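Predicted model only: the values in this text are computed from it and were never measured. Numbering of ligands and ligand atoms starts at 1, following listing order.
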Amino acid sequence: MTDTFKPAPETIAAAHGVAHDSSFGAVAPPLYLSSTYAFEGYERAGRYDYGRSGNPNRDMLGDALAALEGGAGAVVTATGMAAIDLVLGLFGPDDLIVAPHDCYGGTYRLLAARAAKRQFRLRFVDQADAVALDRALAEAPALVLIETPSNPLMRVVDIAAIATRAHAAGAKVAVDNTFLSPAVQRPLALGADYVVHSTTKFLNGHSDVIGGAVIAADAGEVERLRGWANVVGVTGSPFDAWLTLRGLRTLFARMERQQRNAGLVAAWLEAHPAVSAVHYPGLASHPGHAIARAQQQGFGAMMSFDLAGGAPAAARLVEAITVFTLAESLGGVESLIAHPATMTHADMGAEARRVAGIGDGLLRLSIGLENPDDLIAGLEQGFAALV
Ligand SMILES: *Cc1c(COP(=O)(O)O)cnc(C)c1O
């Protein structure tokens, strides 16, 4: 291989860091648990000195994620929330942050709590509403946070269009890419400055690690983020990074199969008489279908649907469904079902849920790697309880 060889994304995911062990030739990357590293001599630190500031496993995962997202570098954090908070930590009391009104519940809670402590100013807006967004941009925000597709209604916004307008207003742009992963959407190529991830979800993909990452387009921003992560101590554990890199190996194969399964399940749900609406960007009926088709390389493996029978129907369905597990989280190899009104979005309160369009009969699915016939058989068992 020559120096100009540029591996494709699938190759990066499968092989970044493979067979780089100079001690024993291990093919799978070794795990470096050591909290501290020997200096080479007086005032001569080696590449690593202390595990909070740097660790080979974290760097290996971060470099792979940065390459996949097309960024200058990454900081691997202990959780997805820590990744978002790391970005928020770059801003101060005079800065205005504009966030989506329907962002992830934990992000909503973090933003509101930090703003209440006057760490920055905050506006929640419906970013699909161009007038509302322009009104917020007229206040010269420092950061615009984007989340697309949104949770749990899978609303899609145009990242490139928002980034262009945000930059014209002097704002930086961060995109939470957790719901799709870089296998399906690459926000930096669409103009974003930062990508944040809960690596807990599709990137690790096996529901056995909590973690996060921030990827920045600009090398100077990576250094700022890395420095602040060391100051506040939010970097992730070596073993979590090691496991997440192992999960990342199969990202492209998992996403390809999981979104194929999701398309089959969405089409089945759309034809079911007990379902009043299916929210999946891959359906031609979805309002964000055209934007999703243009800015994504697929439609992902998350969806939600409304039951005509409301909360009582949702309760009966989740008790009777098989194959799917009733649980929060998403992005693993196993299929999950969640009832946002009583689970992921319970803290929002009934009125905020009503405004956001999250009904009591809404169910969210994370589609895994099971045989699609079994997924539909599991759903059939659930729906059979409604008649
Ligand atoms: C899960 C999630 C987070 C938070 O990540 P944790 O790893 O649970 O801290 C942030 N954003 C989105 C979109 C998520 O789904």
Side-chain angles (χ1 to χ4, degrees), residues 58 61-62 65 69 74-89 97 99-114 124 127 143-157 159 174-185 187 192 194-215 229 232-237 239-241 243-244 247-248 251 255 258 279 281 296 300-304 327-332 336-338 340 343-348 356 358 364-368:
R58 249 185 354 250
L61 174 63
L65 294 177
E69 290 285 6
V75 180
V76 171
T77 57
T79 70
M81 291 322 304
I84 295 167
D85 202 36
L86 183 61
V87 174
L88 300 183
I97 293 180
H101 73 314
D102 55 353
C103 62
Y104 175 74
T107 305
Y108 194 99
R109 182 173 57 193
L110 172 66
L111 286 163
R114 289 266 187 231
F124 289 110
Q127 297 182 348
L143 177 73
V144 175
L145 177 65
I146 297 174
E147 216 182 286
T148 178
S150 75
N151 177 25
L153 289 165
M154 308 302 294
R155 291 187 181 119
V156 174
V157 295
I159 296 173
V175 176
D176 185 333
N177 202 25
T178 299
F179 261 45
L180 292 178
S181 91
V184 180
Q185 176 168 273
Y194 315 100
V195 170
V196 293
H197 275 287
S198 167
T199 58
T200 311
K201 316 294 170 53
F202 288 100
L203 289 174
N204 177 58
H206 293 74
S207 305
D208 52 11
V209 180
I210 300 282
V214 183
I215 299 101
V232 289
V234 292
T235 47
S237 92
F239 185 51
D240 289 352
L243 274 176
T244 303
L248 185 73
L251 174 70
M255 286 309 300
Q258 284 175 245
H279 311 283
Q296 302 174 193
M302 295 299 299
M303 72 186 72
S304 60
E328 293 180 355
S329 200
L330 57 115
L336 303 179
I337 186 166
M343 296 168 67
T344 50
H345 292 66
D347 282 353
M348 256 179 102
I358 302 168
R364 187 186 78 182
L365 301 180
S366 174
I367 302 295

Within a reach of under 6.0 Å around CZ of Phe124, are more than 12 heavy atoms found that belong to other residues, nucleotides or ligands? yes

Pairs in or reaching into residues 205-215: which pass salt bridge (Lys or Arg N to Asp or Glu O under 4.0 Å), with residues at least two apart or in two chains? none

Short N or O separations between ligand 1 and the protein, below 3.5 Å:
from: ligand 1; atom 1: 5 (O); to: Ser198; atom 2: OG; distance (Å): 3.0
from: ligand 1; atom 1: 7 (O); to: Gly80; atom 2: N; distance (Å): 3.0
from: ligand 1; atom 1: 7 (O); to: Ser198; atom 2: OG; distance (Å): 2.8
from: ligand 1; atom 1: 7 (O); to: Thr200; atom 2: OG1; distance (Å): 2.7
from: ligand 1; atom 1: 9 (O); to: Gly80; atom 2: N; distance (Å): 3.0
from: ligand 1; atom 1: 9 (O); to: Met81; atom 2: N; distance (Å): 2.9
from: ligand 1; atom 1: 11 (N); to: Asp176; atom 2: OD2; distance (Å): 2.7
from: ligand 1; atom 1: 15 (O); to: Lys201; atom 2: NZ; distance (Å): 2.8

Only counting residues at least two apart or in another chain, list the ones meeting side-chain hydrogen bond (donor to acceptor under 3.5 Å, both in side chains) with Asn177. Glu69, Gln185

Who passes side-chain hydrogen bond (donor to acceptor under 3.5 Å, both in side chains) against Arg58, sequence neighbours left out? none

Heavy-atom distance under 4.5 Å between the side chains of Pro149 and Gln296, does that happen here? yes

Tell me whether Gln127 contacts the main-chain N or O of Leu145 through its side chain, where contact means a donor paired with an acceptor under 3.5 Å. yes

